[in-house]
Amino acid sequence: AFAEWILYTSSGISSALYHSCDVGTWCILSFRVLQFLDFWLSFMAVVGTFIYMATIKEASKRAMHTAVFILTAILAATGATRSANIGIVIAIGSFGLLIGWILEFSTARRFVCCSWRINLNVPHRWPNLAALFWNTLEMLNKRFRWLYLLFGLITLSFAALSWKLESNSSYWIWHSMWHITIYTSSFFFLCSMRVNTTNHSPETTYELTRQDTLPTTESSQT
């Protein structure tokens with residue numbers, strides 16, 4: 001997760017510089033630029049976590065990241081402090097995660113959301129739906145480390161609570177707690193993924209191919 005590491009680190013540094021300028025201590029850049037970087041990278045950190053949890057091809061992830069770069073930059077430039085931005089960013093991240101799972105189902109599992117043929121015999125469709133349901137649960141069980149996922153949800157709840165409790169008098173403590181809990185939840189979400197379960201070893205495929213073609217090669221030489 002090197003890309004996510006760069007994103008989270010840059011977001012934390014830009015946030016520290018922005019708050020340092022906000023209280024009048026020191027401004028390395030203009031206030032508007034620091035504010036844009038703080039909110040934009042925070043938006044990207046949230047959506048980037050969602051995209052990381054969608055185990056799809058890197059080409060699809062690059063396309064999703066590019067679209068998110070543009071959308072979150074527009075949000076940060078036109079109204080960074082809007083309270084509605086939180087919901088918009090979470091909706092964008094959830095939509096990206098959903099698209100990633102749909103792409104994975106359609107390619108790896110050959111899953112089709114809408115059947116091309118209408119089957120009016122409903123009793124014969126129930127076993128297929130039940131099998132699909134249990135296969136999906138099995139895939140999710142192999143995909144996630146559930147303890148890390150639970151810790152991520154708990155710390156995310158604390159982050160939402162800290163953001164809700166912010167006020168002018170207690171901003172310094174609750175906003176600090178928000179930063180700590182939101183990044184900790186991202187750490188747990190990244191650790192909850194079993195990335196290697198969907199990867200196939202190229203060496204195994206090569207060995208099987210070589211074993212299949214070896215008799216043909218020997219027979220042609222004889």
Side-chain angles (χ1 to χ4, degrees), residues 1-54 56 58-100 152-193:
F2 289 115
E4 287 73 20
W5 168 68
I6 295 174
L7 182 59
Y8 297 151
T9 304
S10 301
S11 177
I13 293 174
S14 65
S15 181
L17 294 175
Y18 165 68
H19 287 296
S20 176
C21 181
D22 188 27
V23 298
T25 303
W26 178 58
C27 296
I28 190 173
L29 296 171
S30 66
F31 178 81
R32 182 175 177 82
V33 172
L34 291 175
Q35 186 184 60
F36 170 80
L37 288 176
D38 178 34
F39 282 88
W40 178 53
L41 292 175
S42 298
F43 295 160
M44 281 302 305
V46 174
V47 181
T49 304
F50 280 100
I51 296 178
Y52 179 86
M53 297 178 70
I56 55 179
E58 289 300 321
S60 300
K61 283 189 176 183
R62 287 195 300 269
M64 295 172 66
H65 273 294
T66 303
V68 169
F69 285 152
I70 299 172
L71 293 176
T72 53
I74 293 174
L75 288 177
T78 56
T81 57
R82 282 196 305 257
S83 59
N85 285 343
I86 301 295
I88 296 174
V89 170
I90 294 177
I92 293 174
S94 302
F95 180 73
L97 181 60
L98 179 62
I99 293 297
L153 293 173
I154 292 175
T155 51
L156 182 62
S157 301
F158 279 122
L161 180 62
S162 300
W163 178 74
K164 189 69 175 178
L165 293 176
E166 288 182 5
S167 62
N168 292 331
S169 59
S170 61
Y171 179 81
W172 66 276
I173 180 62
W174 288 117
H175 193 71
S176 299
M177 290 301 299
W178 180 86
H179 275 287
I180 294 172
T181 50
I182 195 67
Y183 283 113
T184 304
S185 66
S186 299
F187 168 76
F188 283 131
F189 283 136
L190 263 62
C191 290
S192 69
M193 295 296 298

> Does CZ belonging to F36 count more than 12 external heavy atoms closer than 6.0 Å?
yes
> Nearest 0.5 angstrom please: F189 CZ to F50 CZ, how far?
7.5 Å
> Given M44, which of T49, V89, I51, V68 fulfils the side-chain contact (heavy atoms from CB on, under 4.5 Å) condition?
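Looking at T49, V89, I51, V68, the match for M44 under the side-chain contact (heavy atoms from CB on, under 4.5 Å) is V68.
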> Report the C-alpha separation of F188 and I154 in whole Å, then their side-chain angles, then the decisive distance to 0.1 Å, and conclude whether the side-chain contact (heavy atoms from CB on, under 4.5 Å) test is met.
CA-CA 10 Å; F188 283 131; I154 292 175; over 6 Å; no
> Check whether the side chains of W174 and S162 place a donor and an acceptor atom closer than 3.5 Å, and report yes or no.
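On atom types as modelled, these side chains do not qualify, holding no pair under 3.5 Å.
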> How long is the span from the CZ atom in F43 to the CH2 atom in W40, to the nearest 0.5 Å?
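Result: 12.0 Å between the selected atoms.
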> Determine whether W172 and V23 make a side-chain contact, defined as any pair of heavy atoms from C-beta on separated by less than 4.5 Å.
no
> What distance do S14 atom OG and H19 atom NE2 have between them, rounded to the nearest 0.5 Å?
9.0 Å
> Quick one: side chain to side chain contact (heavy atoms under 4.5 Å, CB included) partners of I28, sequence neighbours excluded?
L17, W26, L34
> For the residue pair M53 and S192, what are the closest heavy atoms and their distance?
CE-OG, 4.3 Å
> Let's go through L75 and R82 carefully: what are the C-alpha distance in whole Å and the side-chain angles of both, what is the deciding distance for side-chain contact (heavy atoms from CB on, under 4.5 Å) to 0.1 Å, and is it a yes or a no?
CA-CA 9 Å; L75 288 177; R82 282 196 305 257; 3.8 Å; yes
> Which distance, rounded to the nearest 0.5 Å, do you find between the NE2 of H179 and the OG of S42?
6.5 Å
> If I compare all heavy atoms of V33 with all of S30, which pair ends up nearest, and what's the gap?
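In this case the closest contact between V33 and S30 is CG2-OG, 3.0 Å.
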> When you look at CZ of F31, are more than 12 heavy atoms from neighbouring residues, nucleotides or ligands closer to it than 6.0 Å?
yes
> Can you measure from CD (E166) to CE (M177) and round to the nearest 0.5 angstrom?
11.5 Å
> Checking side-chain contact (heavy atoms from CB on, under 4.5 Å) for the pair Y18/L41: CA distance, chi angles, key distance, verdict?
CA-CA 12 Å; Y18 165 68; L41 292 175; over 6 Å; no
> For the pair S185 (side chain) and I182 (backbone), establish whether a donor and an acceptor sit closer than 3.5 Å, ignoring hydrogens and angles.
yes
> Quick check against the 3.5 Å criterion: does S10 have a side-chain atom that pairs as donor or acceptor with the backbone of L7?
no
> For the residue pair Y171 and H175, does the interplanar ring angle fall in the parallel (under 30°), tilted (30 to 60°) or perpendicular (over 60°) class?
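Rings of Y171 and H175: parallel, under 30°.
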> Hey, does the side chain of S20 reach the backbone of A16 with a donor-acceptor pair shorter than 3.5 angstrom?
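No; judged by distance alone, with no hydrogens or angles, the pair does not exist.
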> Taking side chain to side chain donor-acceptor pair (under 3.5 Å) as the test, write out the residues that go with S11, two or more places apart.
Y183
> Rounded at 0.5 Å granularity, tell me how far CD1 in I13 sits from CG in D38.
12.5 Å
> Identify the heavy atoms of T78 and I74 that sit nearest to each other, and give their distance.
OG1-O, 2.7 Å
